[in-house]
Amino acid sequence: MALKHETPLLDELEKGAFPSFVKEIKRAAETAENPDFAQDLLGQLELSYKEKVTHWKHGGIVGVRGYGAGVIGRYSDVPDRFPGVAHFHTIRVNMPAGFFYTTEALKTICDIWDKYGSGLTNMHGSTGDIILLGTKTENLEAAFAHLSSRGWDLGGSGSAVRTPSCCVGPARCEWACYDTLEATYQTTMRFQDELHRPMFPYKFKFKFAGCPVDCIASIARADMSVIGTWKGNIQINQDEVRNYASSGLDIQKEVVDLCPTECMTWDGNELKINDEDCNRCMHCLARMPKALKPGQERGATILLGSKAPIVTGALMSWVIVPFMKMEPPYEEFFELVERIWEFWDEHGKNRERIGELIERMGFPVFLREVGLEPHPAMVKEPRRDPFYFWTEEDIEK
Amino acid sequence: MDKEELKKVIYEMVEKSMGKKKLKQSDILKKVSAEHGVDKSEVKAALKELLDSGQLIFTYFGGSYIEIPPKEQP
Ligand code: HEM
Ligand code: HEM
Ligand code: SF4
Ligand code: SF4
């Protein structure tokens, strides 16, 4: 099918060396089963580029029956000119832990989306979900029914738990200090209600990273960041260290001198680590994977509070539990999460993330109400620490 | 209070609030449980039935709310 709209501005974006979303949308306009979506998407986008203003409205009805999450309503504010995108809702599909698919699974998703939607997808959104872009209200229930008949479910959106996500963990990576995939799956199953039926002041994201490398960027993107770590000493295989040295690695310059806490020494024969001072930066382990391994007692550090800037500026997660075993059935973890949600439910204002609430009420109040002991690892930055041991009631006036 | 009665209480609360203040799920749980002395989990179970049957729906306006569905859907 020929293109319906002239798009001189969008065409510029096809000229560079990189893959172009314009090319893909044009391809959908020419070949998709429901080409009207992509046709008018091009037209509306061109108009937005020309006028430098968005023509999307959002909100309104957001779910399939019983669910308050998983569908993000999008409407054109110029539907008369672009009827194909009068509705252009996004469906979020809960992706598998670690983003592993069979080709069959991907084909199924694509076939369903060709049938009910625009044929455009976004693998994966920053929340992690499979994002199916563009369908109309009357197609939602059928698309959902078809997806669930093949074993898929919708993900989180709005004031709900967002689809938990994780790094590839032990499935592909030797550094994983706990099973991120299992933790993600069990968390998803445990909090189905919170995922599908929004009940919080605002969104709540979990991300599970297997080690401090944090491939899933949980420390910046998750209200609750669960980052693998170990207790005790880094395991050193001195023979392998010497092998690295003899095969040309300058251990002093490339490993020891780059240790941020200056806790390593190398005498040309033996590597020593003062583990007390190691801050788990992972540099030495990544540089000499055959010689160094995380310590034997493994678990995770639980951090809380990161978010992008909306109400207040960007926040990074900070430590609330320095070390927790992360093993099924995860009761200690789930109970902590529920206590945190109670605190949030009790005090949170509308659209206030947990991190913002803690900033507003103070970390000591949070620790006391959630029942966590202050610990030196919780110091986020100088002069932002939890060590005020007195409360209003303790002071004799 | 039995579940059907509870459903009526919730529906009426949402109905009264329409056009004035949008209610979040937690507003409803807190208010009904405080006003009628029922456990939040019971309110939640009743609310879930109202949502599953389509008598009430979730909407989104910068946050997620619970409302009565419009007669004509957009
Ligand atoms: C009349 C004399 C002084 C005044 C008016 C004064 C005032 C202050 C003020 C207002 C602060 C808080 C700064 C802030 O963190 O925002 C402060 C912090 C500090 N002052 Fe002084 N100061 C005086 C003398 C001294 C002396 C003589 C010393 C050390 C020999 C000293 C050591 C410190 C230290 C270490 C801090 C940082 C404490 C912290 O991090 O909480 N001050 N001072
Ligand atoms: C009994 C003796 C002392 C007490 C009770 C004391 C108490 C404190 C307290 C409460 C803070 C604020 C910590 C925070 O909230 O971040 C502080 C900060 C500080 N103190 Fe002391 N201090 C003592 C002795 C000293 C001495 C002898 C020095 C230096 C020679 C010193 C240097 C500092 C510095 C540089 C800071 C600021 C640290 C930072 O902000 O990173 N203090 N002190
Ligand atoms: S975060 Fe750590 S465990 Fe997970 S994939 Fe990255 S390096 Fe491996
Ligand atoms: S992990 Fe980082 S801080 Fe720890 S010993 Fe290695 S280089 Fe140093």
Side-chain angles (χ1 to χ4, degrees), chain A residues 57-77 79 86-87 89-90 92 136-141 154 156-162 192-204 310-311 338 341-353, chain B residues 3-4 6-11 13-74:
Chain A
K57 297 188 295 183
H58 67 281
I61 316 280
V62 284
V64 293
R65 177 170 287 194
Y67 278 25
V71 177
I72 296 123
R74 279 283 181 285
Y75 302 90
S76 170
D77 70 2
H87 298 185
H89 309 318
T90 295
R92 281 199 180 137
K136 25 184 148 180
T137 306
E138 57 264 37
N139 287 2
L140 289 173
E141 291 289 349
L154 302 190
S157 65
S159 312
V161 165
R162 299 306 181 81
Q192 279 290 297
D193 214 34
E194 289 80 358
L195 184 66
H196 298 309
R197 284 170 271 275
M199 61 185 69
F200 298 130
Y202 206 19
K203 63 183 99 170
F204 192 93
I310 295 182
V311 179
E338 280 165 0
W341 287 346
E342 260 168 48
F343 172 77
W344 191 28
D345 188 40
E346 189 59 35
H347 304 291
K349 294 184 198 166
N350 195 12
R351 281 168 73 77
E352 185 173 46
R353 298 279 284 270
Chain B
K3 204 182 231 176
E4 288 310 311
L6 204 48
K7 281 162 71 173
K8 232 177 109 198
V9 168
I10 297 170
Y11 189 88
M13 179 179 288
V14 177
E15 197 173 34
K16 257 213 227 129
S17 197
M18 289 289 285
K20 294 184 199 122
K21 179 181 187 286
K22 288 187 194 297
L23 296 177
K24 302 201 69 131
Q25 178 164 187
S26 58
D27 297 333
I28 296 172
L29 301 188
K30 276 188 204 168
K31 236 173 134 197
V32 175
S33 107
E35 283 174 14
H36 300 272
V38 269
D39 199 77
K40 273 190 194 171
S41 61
E42 278 178 55
V43 187
K44 202 160 144 187
L47 179 59
K48 185 163 183 253
E49 284 190 8
L50 288 165
L51 291 161
D52 285 344
S53 69
Q55 285 165 277
L56 294 179
I57 55 164
F58 283 101
T59 57
Y60 181 86
F61 295 92
S64 303
Y65 299 92
I66 288 175
E67 296 184 71
I68 293 169
K71 297 270 172 313
E72 284 287 287
Q73 297 206 349

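What you see below is based on every heavy atom in this structure, not just the backbone, and it leaves out hydrogens, waters and symmetry mates. Every chain is numbered from 1 and lettered A, B, ... according to where its sequence line falls, protein lines coming before strand lines.
- The number of heavy-atom neighbours closer than 6.0 Å to NZ of B/Lys7, taken from other residues, nucleotides and ligands shown, is above 12.
- Nearest heavy-atom pair, B/Phe58 versus A/Pro198, reported as atom, atom and distance to 0.1 Å: CE2-CD, 3.5 Å.
- Looking only at atom types and distance, the side chain of B/Tyr65 has a donor-acceptor partner in the side chain of A/Asn350 under 3.5 Å away.
- Heavy-atom neighbours of chain B within the stretch residues 341-348 of chain A, taken at a separation under 4.5 angstrom, comprise A/Asp345, A/Glu346.
- Contact annotation for B/Lys22: neither backbone nor side-chain heavy atoms come within less than 4.5 Å of a heavy atom of chain A.
- Contact annotation: the side chain of A/Phe200 never approaches that of B/Ser26 to less than 4.5 Å [non-hydrogen atoms, C-beta and beyond].
- In this structure, A/Arg65 and B/Asp52 approach most closely via the heavy-atom pair CD-O, 2.9 Å.
- Side-chain N or O atoms of A/Arg351 include one that pairs as donor or acceptor with a backbone N or O of B/Gly62 at under 3.5 Å.
- Using a cutoff of 4.0 Å between basic side-chain nitrogens and carboxylate oxygens, A/Asp193 and B/Lys44 are scored as salt-bridged.
- For the atom pair CE of A/Met199 and NZ of B/Lys24, the computed distance is 11.5 Å after rounding to the nearest 0.5 Å.
- Side-chain contact between A/His196 and B/Leu51: absent, with no pair of heavy atoms (C-beta onward) separated by less than 4.5 Å.
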